[in-house]
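Encoded as structure tokens, the structure appears first; notes follow it.
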Amino acid sequence: MNISVSPKHIQKGMQTAAKKYRPYPILHFNNREWPNQRIKTAPVWCSVDLRDGNQALINPMGQDRKERMFRLLIEMGFPEIEIGFPSASQTDFDFTRWCIEKSHLPEYVSIQVLVQSRADLITRTFRALEGAKHPIIHFYNSISELQRRVVFKKDVIGIKKIATDAAKMISDIAAQAGGDYRFEYSPESFTGSELEVALEISNEVIEIINPSPMNKMILNLPSTVEMTTPNIYADQIEWMCKNINRRESILISLHPHNDRGCSIAAAELGLMAGADRIEGTLFGNGERTGNVDIVTLALNMLTQGINPELDCSDIEKIRKVYEYSNQLRLHQRHPYVGELVYTAFSGSHQDAIKKGLKAIRQSKSHIWEVPYLPIDPQDVGRSYEAIIRINSQSGKGGLSYVLQKDYGLNLSHNLQVDFSHIIQKITDTEEKEIPPQRIYKAFIENYTTSKEDQLQFIDYQSYIDSSNKNKLMIFSKILDNGIPTTITGKGNGVVDGFVQALSKYLSLEISVMDYSEHSLQKRSDATAICYMEIAHRDITMFGVALHNNIAFASLAAVVAATNRILRKKKNLLT
């Protein structure tokens with residue numbers, strides 16, 4: 001048989017398209033150390049939701065939406081927040097003034113503003129920051145080979161002059177103003193630049209700013225466009241960390257974008273490569289495919305036993321503010337926060353989760369080890385309510401978990417198997433998820449006695465017959481097709497005597513295969529539930545009954561199972 005990898009027109013089309021692109025050059029860096037490192041502490045976090053995130057919105061935030069986001073970021077514990085681009089718009093200028101004058105900014109938080117390396121914009125930026133405590137002025141210019149050639153039409157010397165002129169102007173104005181300013185420089189499009197060029201320009205800016213170990217400068221190395229695999233970004237970061245001047249006076253910052261969908265991996269490898277700081281946004285909102293997702297990064301650290309130093313314990317609140325302020329919706333499968341990320345539909349997953357949660361409870365271990373759940377949902381403010389949900393892919397373990405968690409029912413293995421076939425028929429027919437209430441309703445309808453059934457259990461009396469080897473005599477009242485009937489039997493106990501009486505009355509030999517009962521913890525009354533597995537020849541059926549008298553529930557469950565046997569026999573005859 002001739003199997004083609006793909007249709008020829010697809011192969012030809014992609015082959016033609018592929019010729020338009022060139023592979024990104026690798027870095028010949030033989031003494032790299034980052035592959036043997038691991039992240040041990042949280043970085044310095046800087047949120048750029050109010051600037052980078054805001055500029056990427058279809059409808060940029062107004063004052064109210066910005067305030068809501070700003071207060072959330074402070075509550076989460078961000079030490080640095082880039083609040084806008086005050087020289088670019090009056091809206092950002094006014095919000096900067098609000099942050100300084102009216103926001104009651106905590107002492108430990110630094111506001112950060114972005115400015116291009118242009119004199120008029122730098123002057124307006126300083127006006128916007130008057131009265132601010134330890135603000136960060138973040139200035140940048142693009143240095144990539146492509147932008148030098150296509151956009152600015154300047155050589156390296158010309159591009160370097162833009163950066164150094166801006167650095168000198170900013171440091172001079174800051175010195176004259178006498179404020180407690182901090183400085184950040186970004187060689188924008190760093191990943192599209194030659195490393196030697198990025199190093200040369202950055203070192204000259206550093207000399208002008210003249211940082212010290214007590215007053216460090218931030219050197220931000222952005223993947224303004226994510227152009228390659230994360231390992232190459234890590235190589236670039238480690239190379240810069242090892243070659244930059246005055247490293248002890250520099251905070252190396254990362255600002256990964258997500259064009260290739262690898263920003264989180266790039267950020268993690270960049271931290272392993274020596275970076276100290278991360279700029280990103282909540283859930284990754286940003287230009288094109290977005291910025292690095294700081295929430296996911298932080299919770300990834302949590303799962304490795306690292307305190308992320310950001311409060312993500314109320315993930316639902318964070319999501320709601322994010323969606324309100326950005327007017328965006330998060331995907332149901334977004335890591336950690338999506339509606340379905342702690343939910344299992346697969347039968348094998350459900351069974352493993354159920355057993356894992358049980359093992360945690362029994363062991364009382366403080367270490368989280370549950371299959372398919374890398375994080376305890378309760379650590380981010382989510383509950384166990386929707387961990388297991390039922391559809392056509394689900395199995396018996398999921399059903400039993402839902403019934404036990406929501407209704408306090410403990411199904412035997414055989415009953416789980418039997419009930420799973422019933423639910424499978426429903427989900428296959430309806431082709432959609434079935435909620436817990438519907439599952440419970442189906443269980444009750446299928447296994448308890450209904451008004452349409454032939455037999456109804458009414459009551460019983462019993463006494464010990466001392467003249468007959470102390471056998472228990474039982475007198476039971478039932479309805480047979482609505483007609484009151486009393487049946488009698490004897491046995492070693494109530495159930496045994498009742499089964500003997502019912503077998504004799506129906507001329508139907510039945511026997512108990514399995515039996516269990518328990519109180520219903522999910523109910524406030526003293527109700528008990530009984531499960532009976534009853535056999536007649538090669539027919540085995542389950543019956544269930546609920547009552548505050550366990551003996552009553554046991555006999556009613558026998559009747560429920562017997563009714564199912566009678567229905568089965570009738571169906572076989574017809």
Side-chain angles (χ1 to χ4, degrees), residues 38-43 45 72-73 75-78 264-265 267-268 271 278 280 282-284 292-323 330-391 393-395 397-410 433 435-436 439 521-522:
R38 67 187 307 165
I39 300 170
K40 297 179 181 178
T41 58
W45 298 108
L72 172 68
L73 297 172
E75 288 174 11
M76 291 177 67
F78 279 94
I264 291 171
E268 291 177 330
L271 289 174
I278 295 284
L282 303 182
F283 310 124
V292 70
D293 177 350
I294 282 185
V295 176
T296 298
L297 261 179
L299 292 175
N300 282 356
M301 292 179 189
L302 183 67
T303 66
Q304 302 305 303
I306 301 167
N307 178 2
E309 299 181 19
L310 285 178
D311 186 358
C312 300
S313 61
D314 191 349
I315 202 78
E316 282 300 297
K317 178 180 179 179
I318 297 170
R319 178 185 63 80
K320 287 176 182 177
V321 174
Y322 165 91
E323 293 187 340
L330 281 173
H331 194 278
Q332 291 177 318
R333 299 292 182 186
H334 194 102
Y336 299 111
V337 70
E339 179 186 351
L340 298 178
V341 296
Y342 304 108
T343 300
F345 290 101
S346 161
S348 60
H349 288 207
Q350 291 172 346
D351 184 62
I353 290 171
K354 174 188 170 186
K355 291 173 180 174
L357 291 172
K358 182 179 179 181
I360 285 278
R361 289 193 301 270
Q362 291 177 339
S363 68
K364 298 181 181 179
S365 172
H366 69 282
I367 301 297
W368 179 257
E369 291 180 309
V370 176
Y372 302 111
L373 290 178
I375 191 171
D376 184 348
Q378 292 188 334
D379 286 338
V380 291
R382 296 283 286 269
S383 70
Y384 297 143
E385 293 303 312
I387 286 181
I388 291 177
R389 289 162 63 176
I390 306 301
N391 65 11
Q393 304 301 306
S394 306
L399 290 170
S400 65
Y401 176 86
V402 168
L403 290 175
Q404 198 286 323
K405 178 176 66 71
D406 291 352
Y407 298 98
L409 308 186
N410 297 324
E433 179 189 358
I439 294 169
Q521 300 90 347
K522 297 289 182 180

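For the single chain, residues carry numbers from 1 onward in sequence order.
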#### Entry: Taking every non-hydrogen atom, the tightest pair across Ile353 and Pro371
CG1-O, 3.2 Å
### Message
Once rounded to the nearest 0.5 Å, what's the spacing between atom CG of Leu302 and atom CG of Leu310?
### Response
11.0 Å
### Task
Just do the side chain to side chain contact (heavy atoms under 4.5 Å, CB included) check on Tyr336 and Ile375 with the steps written out, would you?
CA-CA 8 Å; Tyr336 299 111; Ile375 191 171; 3.9 Å; yes
### Query
Does the Thr296 side chain pair with the main chain of Asp293, one donor and one acceptor, at a distance under 3.5 Å?
no
### Task
Decide yes or no for Glu268 and Leu297: does some side-chain heavy atom of the first lie under 4.5 Å from some side-chain heavy atom of the second?
yes
### Summary
Residue pairs meeting salt bridge (Lys or Arg N to Asp or Glu O under 4.0 Å), one or both in residues 304-314, sequence neighbours left out, come to none
### Message
Could you check whether any side-chain heavy atom of Gln332 comes within less than 4.5 Å of a side-chain heavy atom of Leu340, counting everything from C-beta outward?
### Response
yes
### side chain to side chain contact (heavy atoms under 4.5 Å, CB included) partners of Val341, counting only residues at least two apart
none
### Task
Inspect the contact between Arg333 and Glu339 and indicate whether a charged nitrogen and a carboxylate oxygen are less than 4.0 angstrom apart.
no
## Note on the structure
By side chain to side chain donor-acceptor pair (under 3.5 Å), Glu316 pairs with (sequence neighbours left out) Arg319
### Task
Decide yes or no on side chain to side chain contact (heavy atoms under 4.5 Å, CB included) for Glu323 and Leu330, but give the supporting numbers first.
CA-CA 7 Å; Glu323 293 187 340; Leu330 281 173; 3.8 Å; yes
### Shortest non-hydrogen separation from Ala42 to Ile306 and the atoms involved
N-CG2, 4.1 Å
### Message
If we check side-chain contact (heavy atoms from CB on, under 4.5 Å) with Leu73, which of these qualifies: Ile318, Leu282, Ile294?
### Response
Leu282
### Message
Counting C-beta onward and ignoring hydrogens, is there a side-chain heavy-atom pair between Ile315 and Leu299 closer than 4.5 Å?
### Response
yes
### Task
State which residues pass side chain to side chain contact (heavy atoms under 4.5 Å, CB included) with Ser365; sequence neighbours excluded, sorted by chain then number.
Ser363, Ile367
#### Entry: Residues that Arg361 engages under side chain to side chain contact (heavy atoms under 4.5 Å, CB included), provided they are two or more places apart
Leu357, Lys358
### Query
Are any non-hydrogen side-chain atoms of Pro43 and Met301 less than 4.5 angstrom apart?
yes
### Message
Under the rule for side chain to side chain contact (heavy atoms under 4.5 Å, CB included), what residues qualify as partners of Ile360, not counting sequence neighbours?
### Response
Val370
### Message
Given 3.5 Å as the limit, does a donor-acceptor pair link the side chain of Trp45 with the main chain of Pro308, or not?
### Response
yes
### Query
Is Trp368 close to Leu373 at the side-chain level, that is, under 4.5 Å between some pair of heavy atoms?
yes
